Amino acid sequence: MAILLGCGEGLIMLERNWRRAECPLACVTNIALESGRVAALDNGAHQLWLGGQPVPVDTGIEALQLWQGHYLTLSGDTDCLTLGDASTGEMLLTTPAGVYPQDMCVLPGMGMVAVCGGADGTVRLLTLPDLRPVKTAHVPGNAQRIDASCGWLHVLCLTEEDGLKCLLCRVPIRGDRYDPVATLPGLPGAIRADRAGGVWTAASERLYHFPRDSRVPDWSLPGFGLIRHIDCWDRWVLVTDPVMGLCALIDGSGRQPARVLYEGDVGQGAFL
């Protein structure tokens with residue numbers, strides 16, 4: 001098991017020890033992986049690295065994905081989803097994606113991408129590679145984080161009923177009506193579905209796990225600032241928390257304590 005981490009040092013890899021990975025960017029905020037290809041983004045410098053010379057991208061990129069030789073960027077500054085050629089870096093298509101959209105996930109077997117529309121309270125499905133709208137579903141509050149599994153889009157929304165809260169809900173990929181799952185204290189942080197149809201959810205200082213079809217978490221861990229990215233591999237969970245400035249490895253079975261792998265200016269991490 002190896003780990004790739006974007007951080008203030010650039011792109012680094014952990015096998016036995018941390019070492020610098022091939023990447024010319026001075027700082028890496030977002031990464032994406034697909035079939036051995038790596039994409040890395042320096043949001044401050046507005047540069048995307050796809051294996052060759054860095055290419056310019058929009059400001060305010062909130063999410064980065066790879067799909068079948070293409071890259072996808074989601075900008076909260078321009079409110080747009082952009083698709084480009086991962087071999088050349090050329091931008092091919094751009095389409096409106098909400099009001100300060102925050103997150104997206106690719107549905108590989110379906111040839112679609114799902115986007116959190118942000119302040120317009122929508123979840124949008126678009127086909128790939130033409131970015132044609134398929135449907136728009138409405139959810140409560142500000143739709144901020146999204147992932148998919150087992151026929152559902154899992155969504156984290158920021159709501160303002162009785163103070164700021166985080167609503168975990170789900171929308172069927174083949175339907176429109178949202179199903180509320182749980183209300184959590186604090187701000188939406190990150191979300192990641194697991195292979196069993198459950199979902200890892202971060203809200204403010206805690207990380208939660210909800211089993212498939214459950215409205216009650218079976219596991220939670222305090223002690224964070226605000227986790228921004230989650231990745232899963234078997235029972236292991238990798239989280240990056242820019243507020244606390246750490247990347248941590250967590251045993252989802254609870255058999256081992258959480259282990260801080262890196263401290264500093266962290267962006268996104270992923271299992272290789």
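It should be emphasised that the depicted structure is a prediction, and the values quoted were computed from it without experimental measurement.
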Report the C-alpha separation of Leu238 and Trp233 in whole Å, then their side-chain angles, then the decisive distance to 0.1 Å, and conclude whether the side-chain contact (heavy atoms from CB on, under 4.5 Å) test is met. CA-CA 8 Å; Leu238 183 72; Trp233 182 76; over 6 Å; no
With a 4.5 Å heavy-atom cut-off, do [X] and [Y] have their side chains touching?
{"X": "Leu164", "Y": "Glu160", "answer": "yes"}
{"X": "Leu72", "Y": "Leu131", "answer": "yes"}
{"X": "Leu128", "Y": "Gln68", "answer": "no"}
{"X": "Val266", "Y": "Asp241", "answer": "no"}
{"X": "Leu153", "Y": "Ile173", "answer": "yes"}
{"X": "Leu4", "Y": "Leu11", "answer": "yes"}
{"X": "Leu81", "Y": "Met104", "answer": "yes"}
{"X": "Leu64", "Y": "Leu48", "answer": "yes"}

Heavy-atom closest pair, residues [X] and [Y]:
{"X": "Thr122", "Y": "Val139", "value": "N-CG2, 4.5 Å"}
{"X": "Pro140", "Y": "Cys157", "value": "O-CB, 3.2 Å"}
{"X": "His154", "Y": "Ala193", "value": "CD2-CB, 4.1 Å"}
{"X": "Ala40", "Y": "Leu25", "value": "O-CD1, 3.4 Å"}

Is there a side-chain contact (heavy atoms from CB on, under 4.5 Å) between Leu107 and Leu125? Walk through the geometry before answering. CA-CA 10 Å; Leu107 284 59; Leu125 272 180; 4.3 Å; yes
Below 6.0 angstrom between ring centroids: does that apply to Trp18 and Tyr262?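 Distance test on ring centres: under 6.0 Å, yes.
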Can you tell me how the ring of Trp200 sits relative to the ring of Trp219, calling it parallel under 30°, perpendicular over 60° and tilted otherwise?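 The arrangement is perpendicular - the two ring planes meet at more than 60°.
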Decide if atom CZ of Arg177 counts as having more than 12 heavy atoms of other residues, nucleotides or ligands within a radius under 6.0 Å.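 No, not enclosed.
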Does CE in Met91 sit with more than 12 non-hydrogen atoms of other residues, nucleotides or ligands closer than 6.0 Å? no
Straight-line distance of [X] [atom1] to [Y] [atom2], nearest 0.5 Å:
{"X": "Gln256", "Y": "Leu249", "atom1": "CD", "atom2": "CG", "value": "8.5 Å"}
{"X": "Leu168", "Y": "Phe210", "atom1": "CG", "atom2": "CZ", "value": "5.5 Å"}
{"X": "Asn30", "Y": "Gln65", "atom1": "CG", "atom2": "CD", "value": "10.0 Å"}

Between Val181 and Thr201, is a side-chain contact (heavy atoms from CB on, under 4.5 Å) present by the stated rule, with each step listed? CA-CA 12 Å; Val181 176; Thr201 303; over 6 Å; no
Can we say Asp179 and Arg170 salt-bridge, meaning some charged N sits less than 4.0 Å from an Asp/Glu carboxylate O?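 The answer is yes: the pair qualifies as a salt bridge.
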Is a salt bridge present between Asp194 and Arg235, judged by a nitrogen-to-oxygen distance below 4.0 Å? no
Judged by atom type as modelled, is there a donor-acceptor pair below 3.5 Å linking the side chain of Asn142 to the main-chain atoms of Leu158? no
Verdict with reasoning, Cys105 to Arg192, per side-chain contact (heavy atoms from CB on, under 4.5 Å): CA-CA 10 Å; Cys105 66; Arg192 185 62 183 256; over 6 Å; no
Does Arg145 form a salt bridge (Lys or Arg N to Asp or Glu O under 4.0 Å) with Asp103? I'd like the steps, not just the answer. CA-CA 5 Å; Arg145 308 286 183 260; Asp103 200 12; 5.3 Å; no
Partners meeting ring pair (Phe, Tyr, Trp, His ring centres under 6.0 Å) with Trp152 (sequence neighbours left out):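 Checked Trp152 against ring pair (Phe, Tyr, Trp, His ring centres under 6.0 Å); zero matches.
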Is there a side-chain hydrogen bond (donor to acceptor under 3.5 Å, both in side chains) between His209 and Asp218 once you walk through the steps? CA-CA 6 Å; His209 181 262; Asp218 63 349; 2.9 Å; yes
